[in-house]
Amino acid sequence: MTAAARVIRGRILSFTENPATSGSPAHVLIDDGAVLVAAGKIEAVGEARDLIARAPPGAVVDDHSGSFIMPGFIDAHVHYPQTHVIGSYGAQLLDWLHNYTFVEEQKFANPEHCARIAAFFLDELIRSGTTTAMVYCTVHPESVDAFFTAAEARAMRMIAGKVMMDRDAPDGLRDTAEQGYDESKALIERWRGRGRLDYAITPRFAVTSSEAQLEAAGALKREFWNCYVQTHANENKAEIARVAALFPEARSYIDVYARAGLLGPRSVLGHCIHLQDSEVAALAESGAVAAFCPTSNLFLGSGLFDQARLERAGVRIALATDVGGGTSYSMLRTAAEGYKVLQLNGQSWPALEAFYQMTLGNARALSLDKRIGSIEPGKEADLIALDSRATPALAHRMETAGGDLEVELFALMTLGDDRAVRETYVAGEPLKR
Ligand SMILES: [Zn+2]
């Protein structure tokens with residue numbers, strides 16, 4: 001992070017509220033605007049000519065006129081060790097884990113492999129305009145050290161954790177309840193709150209964690225109450241049947257986690273597709289977050305996320321790629337597939353709501369909205385320049401957008417990907433190569 005001030009010029013677009021529930025305009029748009037950043041933070045936002053005039057001498061001006069300047073995207077559920085298995089053919093969840101993921105994750109016993117993949121993964125997020133993510137590592141503590149080292153080198157705000165799994169996985173990928181606890185605790189003490197890093201206690205899911213291990217994860221959560229928790233729930237029908245057989249005393253899949261003390265406002269549960277009413281109620285009551293992973297749910301044939309039902313019940317929702325079950329690092333691609341999933345459920349999703357979700361909505365879901373997710377003085381300067389005319393097809397489509405923001409954003413999310421990201425600023429520094 002350098003101290004040099006920078007003026008980033010473009011069409012400022014930032015949300016102040018959720019457009020789905022706000023009675024008044026929920027966003028700020030400044031057509032010829034600018035953001036003044038210094039020492040990693042946003043100092044001022046306003047009209048370009050005003051900010052350029054008052055910028056300190058020597059400030060760099062990055063002119064992205066015509067492109068949107070938005071907060072960096074946030075991905076609420078993603079697996080960095082799966083960059084080599086994204087796009088692997090022909091399996092549903094449980095086979096996919098055993099045939100592809102668990103084979104790949106064994107390579108993370110090697111710290112050099114961890115470092116190489118962590119660097120690729122973070123650079124790919126930056127190329128896609130994602131500046132913060134909640135990330136699964138593998139069972140190996142080395143995989144967490146490598147990930148946080150790479151995130152720290154880029155000054156990125158990241159949440160991650162060591163996968164805990166003590167059964168139904170190959171030898172090299174199992175810990176024990178006690179080992180999972182000890183290793184997670186040591187990682188929490190080493191990394192949590194260092195720079196922009198935070199930790200998520202990460203039991204993979206109830207199929208691969210014994211009751212003793214889930215209890216150990218719950219004990220960690222009580223000890224480090226402000227830590228995040230991430231896991232998977234109710235993704236696939238065969239998985240749900242397996243959990244019911246493994247935990248006959250639990251009332252439901254979600255109840256398995258509730259009994260272990262793993263539900264709360266800092267808990268993010270991937271998928272949450274096939275839910276009983278009592279499970280929806282338990283999620284809402286606890287403040288836990290359901291992570292909608294549309295490209296993954298379609299790719300693995302898992303099912304259709306019911307956003308309207310969860311919203312009605314007051315469940316907090318996030319949007320996520322779930323790479324490598326998910327098929328794109330791009331939150332634009334993810335939102336586009338999310339729209340199609342909701343269409344299949346008879347629901348809709350205006351682009352303004354989708355862009356809210358990718359930025360401030362996900363920041364709120366991760367309890368990070370005091371720091372990131374919108375463009376306001378004092379917030380961290382994670383910003384992207386997004387060009388809605390980046391490709392011939394986008395430029396052609398914009399000829400008929402008629403200056404309507406909703407039309408423009410919807411076409412951008414439907415046709416856009418990493419090519420639309422002109423620049424990604426992390427703590428004020430341009431990092432897209
Ligand atoms: Zn996942």
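Just so it is clear, the values below take in all heavy atoms, side chains as well, and ignore hydrogens, waters and symmetry mates. Both counts, for ligands and for their atoms, begin at 1 and track the order of listing.
- The N, O or S atom of Asp322 with the smallest distance to the Zn ion (ligand 1) is OD1.
- By the 4.0 Å N-to-carboxylate-O rule, Asp382 lies too far from Arg371 to be salt-bridged with it.
- Of all N, O or S atoms in His77, the one lying closest to the Zn ion (ligand 1) is NE2.
- At a threshold of 4.0 Å, the pair Lys162-Asp175 counts as salt-bridged, since one of the basic side-chain nitrogens sits closer than that to a carboxylate oxygen.
- Tyr199 does not carry Arg192 over the face of its six-membered ring by the limits of under 6.0 Å from the centre and within 45° of the normal.
- The pair Arg242-Asp168 meets the salt-bridge criterion, with a side-chain N (NZ, NE, NH1 or NH2) lying under 4.0 Å from an Asp/Glu carboxylate O.
- For His271, every N, O or S atom stays at 2.8 Å or more from the Zn ion (ligand 1).
- Not a single N, O or S atom of Cys293, from either the backbone or the side chain, sits less than 2.8 Å from the Zn ion (ligand 1).
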